[in-house]
Amino acid sequence: FQAEDGIRDVERSRGLGDVYKRQVLIPYLALSSSPYGFKSLGRDSKSPHEYLLKNKADEDLVITTVHSVTLFYLGIENKDKIYLLREKQEENGAWQEFREDKREPYFGIVLIDSLDKLKNFLENNKRVWVLTDYRISWLVSPEVGRYIRENLELRYSNKDKDVNVYFYESPTKRINH
C-alpha cells in the first residue's frame with residue numbers, strides 16, 4: 001500500500017501459511033534442464049520420481065517427505081493420492097503429532113504424523129509407495145524411519161543413496177498387475 005505522501009506501508013503477512021506458500025515455490029524456480037531436475041537441492045530427485053512414475057499403478061498412493069518435488073513430477077492433479085510424512089519435534093527432542101490442522105497449508109496434502117498413523121494407513125490401502133529423501137532423519141522420529149526401512153521393500157535408490165523409493169503391498173488386499 002502506498003499513501004499519498006509516497007511512504008509505503010510494509011505489506012503484512014496473512015500468517016504462517018502465507019510465508020510457507022512463498023517458500024514452497026522455491027524448488028519450482030530451481031528446476032533446470034539438468035538430468036537431476038531440482039539441481040539447486042543438490043540431490044537427484046528426478047530419477048527416483050521417474051522410477052515411481054514408471055512403476056506405480058494409477059490407483060496406488062504415495063507417501064513422501066518432499067511433497068513439493070513429488071507434486072511437480074506426479075502432477076498437481078494427483079494431490080489427492082499424495083500424502084506427506086512429517087512429525088513435529090518438540091524442543092525437548094520428543095516427537096509429537098501436529099496439533100494443528102492435519103493438512104499442510106499450501107496444497108492441502110494430508111499429513112501422516114505418527115508411526116501409528118503410518119501403520120494404519122499401510123494396513124488400510126492396497127498399494128503404497130513411500131519416497132524419502134536425505135532429510136528423513138530430521139522430519140520423522142527414528143522409529144518411523146526404522147519401520148520404513150525394516151517393513152517396506154526398497155525398490156529404488158538414486159546414485160547417492162539419499163533419495164529412496166519403498167513399496168508396500170497389503171498381503172490381504174493384493175491386486176494383480
Side-chain angles (χ1 to χ4, degrees), residues 15-17 19-21 23-28 38 41 43 45 48-49 51-53 55-158 161-175:
L16 182 59
V19 172
Y20 184 77
K21 288 175 190 176
Q23 292 173 344
V24 150
L25 295 176
I26 292 169
Y28 294 106
F38 286 80
L41 296 178
R43 309 287 178 211
S45 296
H49 285 89
Y51 177 86
L52 185 61
L53 281 168
N55 292 282
K56 76 176 228 38
D58 287 341
E59 65 273 8
D60 292 355
L61 301 175
V62 177
I63 300 172
T64 181
T65 57
V66 57
H67 65 295
S68 58
V69 179
T70 300
L71 279 169
F72 175 80
Y73 286 108
L74 272 58
I76 192 79
E77 65 276 6
N78 291 308
K79 74 176 189 171
D80 294 336
K81 294 180 182 178
I82 299 172
Y83 297 79
L84 178 61
L85 183 62
R86 192 74 43 97
E87 288 179 284
K88 181 178 182 180
Q89 189 170 27
E90 301 290 338
E91 286 184 23
N92 66 6
W95 292 90
Q96 302 290 325
E97 294 180 19
F98 284 91
R99 292 188 184 96
E100 309 90 49
D101 187 12
K102 298 299 182 178
R103 293 180 178 268
E104 62 82 35
Y106 190 67
F107 297 109
I109 294 175
V110 174
L111 288 170
I112 296 175
D113 60 356
S114 71
L115 180 57
D116 288 339
K117 288 181 183 172
L118 175 62
K119 288 178 179 180
N120 187 50
F121 185 88
L122 294 171
E123 290 169 7
N124 288 296
N125 291 286
K126 293 179 186 176
R127 293 169 47 98
V128 179
W129 296 87
V130 178
L131 192 139
T132 65
D133 70 345
Y134 66 100
R135 301 172 304 156
I136 189 168
S137 61
W138 311 339
L139 302 174
V140 297
S141 64
E143 292 78 20
V144 169
R146 187 171 32 259
Y147 183 83
I148 291 169
R149 288 187 307 276
E150 292 176 358
N151 294 283
L152 280 65
E153 178 186 352
L154 177 63
R155 288 278 185 96
Y156 183 87
S157 262
N158 69 348
K161 308 279 188 238
D162 57 4
V163 182
N164 299 308
V165 179
Y166 295 88
F167 179 71
Y168 176 83
E169 186 169 13
S170 172
T172 59
K173 298 183 179 192
R174 291 193 190 275
I175 55 176

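- Listed for the Arg86 side chain is no donor-acceptor partner under 3.5 Å among the backbone atoms of Val140.
- Side-chain atoms of Val163 and Thr132, non-hydrogen and from C-beta on, never get closer than 4.5 Å to each other.
- With Gln89 contributing its side chain and Gly93 its backbone, the two residues share a donor-acceptor pair below 3.5 Å.
- Of the possible polar contacts, one joining the Asp60 side chain to the Ala57 backbone as a donor-acceptor pair under 3.5 Å is found.
- The shortest distance between side-chain heavy atoms of Tyr134 and Asn164 does not fall below 4.5 Å.
- When side chains are defined from C-beta on, Thr64 does not count as touching Tyr83, because their heavy atoms never get closer than 4.5 Å.
- Atom CZ of Phe167 is separated from atom CG of Leu52 by 10.5 Å, given to the nearest 0.5 angstrom.
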Assess the residue pair Val62 and Leu74 against the criterion (side chain to side chain contact (heavy atoms under 4.5 Å, CB included)); give the C-alpha distance rounded to whole Å, side-chain angles, the decisive distance to 0.1 Å, and a yes or no.
CA-CA 10 Å; Val62 177; Leu74 272 58; 3.8 Å; yes

Please lay out, stage by stage, how Asn124 and Asn120 fare under the test side-chain hydrogen bond (donor to acceptor under 3.5 Å, both in side chains).
CA-CA 6 Å; Asn124 288 296; Asn120 187 50; 2.7 Å; yes

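- Applying the ring pair (Phe, Tyr, Trp, His ring centres under 6.0 Å) test between His49 and each of Tyr73, Tyr156, Trp129 identifies Tyr73 as the sole match.
- The CD atom of Glu123 sits 9.5 Å away from the CG atom of Leu118 when rounded to the nearest 0.5 Å.
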For a side chain to side chain contact (heavy atoms under 4.5 Å, CB included) check, start with the C-alpha distance between Phe121 and Val128, then their side-chain angles and the critical distance, and finish with the verdict.
CA-CA 9 Å; Phe121 185 88; Val128 179; 3.9 Å; yes

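- Side-chain atoms of Glu87 come within 3.5 Å of backbone atoms of Ser141 as a donor-acceptor pair (strictly under, hydrogens ignored).
- Remark: the backbone N or O of Phe107 is paired with a side-chain donor or acceptor of Glu104 at under 3.5 angstrom.
- Under the 3.5 Å distance criterion, the side-chain polar atoms of Asp113 are matched with a main-chain donor or acceptor of Phe98.
- Rounded to the nearest 0.5 Å, atoms OG1 (Thr65) and CH2 (Trp138) are 10.5 Å apart.
- No donor-acceptor pair closer than 3.5 Å links the side chain of Arg127 to the backbone N or O of Ser170.
- The closest donor-acceptor contact from the side chain of Lys102 to the backbone of Val110 lies at 3.5 Å or more, if one exists at all.
- In this structure the side chain of Ile109 reaches within 4.5 angstrom of the side chain of Leu71, judged on heavy atoms.
- Annotation: the span from Leu115 atom CG to Ile148 atom CD1 amounts to 9.0 Å, rounded to 0.5 Å.
- Lys119 contributes atom NZ, which lies 7.5 Å from atom CG of Asn151 (distance to the nearest 0.5 angstrom).
- A distance of 10.0 Å separates CG of Leu61 from CG of Leu122, quoted to the nearest 0.5 Å.
- Between Pro142 and Trp95, the shortest heavy-atom distance links the atoms CD-NE1, 3.7 Å.
- Using a cut-off of 4.0 Å between Lys/Arg side-chain N and Asp/Glu carboxylate O, Glu59 and Lys81 are scored as not salt-bridged.
- Using a 4.5 Å heavy-atom cutoff, the side chains of Asp133 and Asp162 are not in contact.
- Nearest approach of Ser45 to Val69, heavy atoms of both residues: CB-CG1, 3.8 Å.
- No side-chain heavy atom of Tyr166 sits under 4.5 Å from any side-chain heavy atom of Glu153.
- Looking at Leu139 and Val144, their side chains never come closer than 4.5 Å, going by heavy atoms from C-beta outward.
- Proximity of Leu84 to Ile112: side-chain heavy atoms (C-beta onward) are nowhere separated by under 4.5 Å.
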